Amino acid sequence: MPPSRTHQLLDMMPQTLSRFLTSLSVTGVVVGMVFFCFSLTPSLLPRIPTIQGALSGVSFVCGYGLGFLIVSILTFLEIPLIKGAWKVRLGFAALSVASVMSILTLNRMSVWQNSIRTLMEMELVDSAYPFQVLGVAIVSATLLLLIVRGLRRLSLRVSAWVNKFLPQRLSLGMGALCVALVVGALVDGLVVRNILSAMDEAFAEMDMVFDDGVDVPAEFSDAAMLIDWDDIGRNGKRFLTNGPNREDIEHLTGRPAQQPVRVYAGFNTGADFEERAALAVSDLVRAGGFERSVLIIATPTGTGWLDPAAIQPVAYLHQGDLSIVSMQYSYLPSWLTLLIDPDRPKAAARALFLAVYNHWTTLPEDTRPQIYLFGLSLGALGSENSTDLIELISDPIDGAVWVGPPFASSTWASVTKNREADSPQWRPRYRDGSVIRFMTQDGFDPGGFAEWERIRVTYLQHPSDPMTFFSTGMAFRKPAWLGKDRGRDISPHFRWVPIVSFLQVGFDIPMATTVSQGYGHNFVASEYIDAWISVTQPKGWSETDTETLKKAFENFTVSPL
C-alpha cells in the first residue's frame with residue numbers, strides 16, 4: 001500500500017472513532033457501564049482475564065441494548081423526553097457517575113476474584129488482571145456493537161422498502177423480523193453447523209486415539225470377545241485397562257478378592273443404542289458379570305469418560321465382587337452435548353438399562369446381583385431417566401449414585417423443588433432421607449436421616465457447580481441457593497443482579513472443571529467413597545477400611561477428557 005494511502009487511513013481513524021463514539025446512545029452507554037460494573041463482581045467460579053473480559057463486554061452490550069430499547073420505546077410512544085441543555089447536563093453527570101463506578105469496581109475486582117480463589121485454594125490474580133480484563137472487554141464490546149449496528153442498518157433499509165407497501169410502524173417490525181430470520185438461518189446453516197461439524201470430526205478423531213505404548217489386554221484379543229477393541233474409544237479403553245485388579249485389591253485390603261468385571265460398548269459398537277446395549281449385555285454375560293454380587297450400570301459423560309476417582313474405589317469396597325457396564329453415546333464434551341442434543345444421554349441410558357434389567361429379571365432373585373446406577377454430569381442426567389416408576393415398583397433396583405447433575409436433570413429438579421422448607425437448595429433434605437439423600441464435599445446433612453428404605457439414592461453436588469445450579473430463570477429471579485445460607489465455596493461477595501448474574505453463571509459453565517479438585521464440577525475420590533458406602537453398604541467394611549481407602553486415593557487426581 002502506498003505511504004500516502006496509509007497516512008490517509010491513519011488520519012481517518014481518529015475521525016471514525018470520534019463519529020462512532022458520538023453516535024452512541026448516552027442512556028445506552030450509562031446502562032451498559034452499570035452492567036459492566038456488576039459483571040466484575042464474583043459469581044460461582046473465578047475467571048481468567050479473557051473470559052472475564054468477554055463476559056464484561058457482553059454485559060455492557062446487553063445493558064446498552066436495554067438502555068437504547070427504553071429510549072426507543074419512549075420515542076415510539078411519543079412520550080416527551082428531556083432535550084436541550086438539560087439533556088447534555090444530565091448525560092454528562094450520568095456518564096461521570098458511571099465512569100467513577102467503573103474505576104472503583106475495576107479496582108475492587110481483584111479482591112472479589114481472590115475471594116473465590118482463596119475458598120478454592122487457587123493462586124491469586126496479579127495486579128495486571130484488571131487491565132487485561134478492561135482491554136478484552138473494550139474489544140469484545142466494540143465488535144459486538146459494530147455487528148449489532150450493522151444488523152440494525154440492514155433492518156432499517158429493509159423497513160424502508162417494506163414501507164412502500166405497509167405503514168411505517170408496521171414496516172419497522174417487519175424489517176427487523178426479516179433480517180432476524182435471514183441472519184438466524186445463515187448463522188445456523190453456515191456458521192453453527194460448520195463449527196459443530198468441525199468439532200464433531202475433531203472429537204471423533206481424538207476419541208479413537210489411545211495412549212502409545214499400551215498393549216491390548218489379552219482378554220480383548222480373545223476370539224470370544226463380542227465387542228471389538230478397535231470400536232472402543234480412548235476413554236472406554238482407559239476405563240477397561242486402568243481399574244484395579246484382584247491383586248491390587250488384596251494388597252490394599254488384606255483380604256481375598258475377585259477380579260472385577262468391566263464391560264464398555266464404544267460409540268462405534270453397533271448401529272444404534274439398542275444394538276450397542278444388546279452387545280454390551282451379551283459381553284457382560286460372557287464375562288460373568290451377572291454372577292457378581294454387585295452390578296453397576298454406569299452412564300458416562302459426553303466424551304464417554306468415567307471418572308476413575310468414582311469407578312476405581314468401589315471395586316475395593318466390594319473386594320472385586322462386582323461388575324460395571326457402560327456404553328458411550330457421544331464424544332463431545334458434556335456442556336456441548338447438553339446444548340446440541342440433551343436427549344441423547346437419556347436415550348442411551350434407557351437402552352442400556354432395559355437391556356441389563358430385562359436379563360436381570362430372568363435370574364433367580366436369591367443369586368442375581370444387586371443393581372446400582374451411576375452417572376456423573378451428563379451421565380447423571382441420562383442415568384436418572386433410565387428407569388421408570390413401574391419398573392421400580394414391580395422389581396426394584398437397589399439404588400443410585402448421581403454426581404454433579406446438570407441443571408436440565410428433571411428428577412433432580414423435582415426433588416430439589418419439593419425439599420423440606422428449612423433446608424438449603426445446595427444441600428436439600430427430601431422428606432426423611434430414607435430414599436434420597438444429598439451430600440456436598442462436606443458430607444451429608446449433619447442432622448441425620450431415617451433408616452434407608454429398599455432403594456437408596458445419593459446425589460453428590462458442589463454448591464459452586466454452575467453445571468448444576470445454572471438456570472434460565474435466574475435472569476429475572478434470585479435463585480434460592482444464593483441466600484444467606486449458602487455453601488462454603490460460594491463467595492460472600494456474590495450478589496444476584498438481574499440479567500448480569502445469568503450471564504455470569506452461564507459463562508462459568510465451560511469453566512466448571514478448571515478449578516481445584518473438590519470444587520465446581522471436579523469431584524474427588526473421598527467424596528465418591530462416602531457416596532458409594534452410603535448406597536451400596538459393603539459387607540464387612542469398617543471405618544478403618546474407609547480411612548485406609550481414602551488415604552490410598554488421597555492424591556488421586558484425573559482431569560476429565
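Keep in mind that what you see is a predicted model, and the values were worked out from it rather than measured.
Atom CG in Leu306 sits 12.5 Å away from atom CZ in Arg238 (nearest 0.5 Å). How far CE of Met467 is from CG of Leu378: 6.5 Å, rounded to the nearest 0.5 Å. Taking CG from Leu134 and CG from Leu40, the interatomic distance works out to 9.0 Å, rounded to the nearest 0.5 Å. Atoms CG and CD1, on Leu69 and Ile73 in that order, are 4.0 Å from each other to the nearest 0.5 Å. Remark: Thr411 OG1 to Glu384 CD distance equals 4.0 Å, nearest 0.5 Å. The CZ atom of Arg47 lies 10.5 Å from the OG1 atom of Thr514; values are rounded to the nearest 0.5 Å.
Using a distance-only test at 3.5 Å, with no hydrogens or angles considered, no donor-acceptor pair links the side chain of Gln461 to the main chain of Pro405. The backbone N or O of Met474 lies less than 3.5 Å from no partner atom in the side chain of Arg477, so there is not a single donor-acceptor pair. The backbone N or O of Leu44 sits less than 3.5 Å from a side-chain atom of Asp508, completing a donor-acceptor pair. Of the possible donor and acceptor atoms, one in the side chain of Arg117 sits under 3.5 Å from a partner among the backbone N and O of Glu123. With Ser414 contributing its side chain and Ser410 its backbone, the two residues share no donor-acceptor pair below 3.5 Å. For the pair Ser39 (side chain) and Phe36 (backbone), a donor-acceptor distance under 3.5 Å is present. With hydrogens and angles ignored, the 3.5 Å screen pairs no side-chain donor or acceptor of His521 with any backbone N or O of Asp465. No donor-acceptor pair closer than 3.5 Å links the side chain of Gln441 to the backbone N or O of Glu527. Using modelled atom types, one side-chain atom of Arg486 and one backbone atom of Ser491 make a donor-acceptor pair closer than 3.5 Å. In this structure, the side chain of Ser43 does not engage the main chain of Val505 through any donor-acceptor pair within 3.5 Å.
In this structure, Tyr64 and Phe68 have parallel ring planes: the angle between them is below the 30° cut-off, well short of the 60° mark. Ring pair Phe470/Phe407 is perpendicular by interplanar angle, where above 60° counts as perpendicular and below 30° as parallel. Between Phe469 and Trp412, the ring-plane angle classifies as perpendicular under the 30° and 60° cut-offs.
Across Tyr528 and Asp307, no two heavy atoms sit closer than the pair OH-OD2, 2.9 Å. Residues Asp530 and Phe444 approach most closely at O-CE1, 4.3 Å, considering heavy atoms. Looking at every heavy atom in both residues, Leu45 comes nearest to Met511 through CD1-O, 3.6 Å. Here the closest heavy-atom approach between residue Cys37 and residue Thr105 is recorded as SG-OG1, 3.6 Å. Closest of all the heavy-atom pairs between Arg488 and Tyr519 is NH1-OH, 3.6 Å. Here the closest heavy-atom approach between residue Trp305 and residue Pro308 is recorded as CZ2-CD, 3.8 Å.
Of the candidates Trp402, Tyr430, Trp426, Tyr459, Phe438 forms a ring-ring contact (aromatic ring centres under 6.0 Å, His included) with just one, namely Tyr459.
Annotation: side chain of Val515 is in contact with side chain of Pro46 (closest heavy-atom distance under 4.5 Å). For the pair Phe273/Met327, a side-chain contact is recorded, criterion being any heavy-atom separation below 4.5 Å from C-beta on. Looking at heavy atoms from C-beta onward, Tyr329 lies in side-chain contact with Thr299 at the 4.5 angstrom threshold. Between Phe267 and Asn235 there is no side-chain heavy-atom pair separated by less than 4.5 Å. Proximity of Thr416 to Gln425: side-chain heavy atoms (C-beta onward) are separated by under 4.5 Å at one or more points. The shortest distance between side-chain heavy atoms of Thr41 and Gln504 falls below 4.5 Å. Looking at Val415 and Pro428, their side chains never come closer than 4.5 Å, going by heavy atoms from C-beta outward. Between Ser99 and Ser102 the shortest side-chain heavy-atom distance does not fall below 4.5 Å.
Partners of Ile70 under the side-chain contact (heavy atoms from CB on, under 4.5 Å) rule, at least two apart in sequence or in another chain, are Leu66, Leu74. In this structure Gln132 satisfies the side chain to side chain donor-acceptor pair (under 3.5 Å) test with no other residue, sequence neighbours excluded.
For CZ of Phe507, the number of neighbouring non-hydrogen atoms (other residues, nucleotides, ligands) closer than 6.0 Å is greater than 12.
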_Evaluate Ser501 against Phe494 for side chain to side chain contact (heavy atoms under 4.5 Å, CB included), listing each step before the verdict._
CA-CA 9 Å; Ser501 294; Phe494 187 4; 4.2 Å; yes

**Request:** For Thr301 and Ser377, run side-chain hydrogen bond (donor to acceptor under 3.5 Å, both in side chains): C-alpha distance rounded to whole Å, both residues' side-chain angles, the deciding distance at 0.1 Å, then the answer.
**Result:** CA-CA 6 Å; Thr301 64; Ser377 187; over 6 Å; no

Audit row: Leu124, Thr118, side chain to side chain contact (heavy atoms under 4.5 Å, CB included) steps and yes/no = CA-CA 7 Å; Leu124 304 183; Thr118 300; 3.7 Å; yes

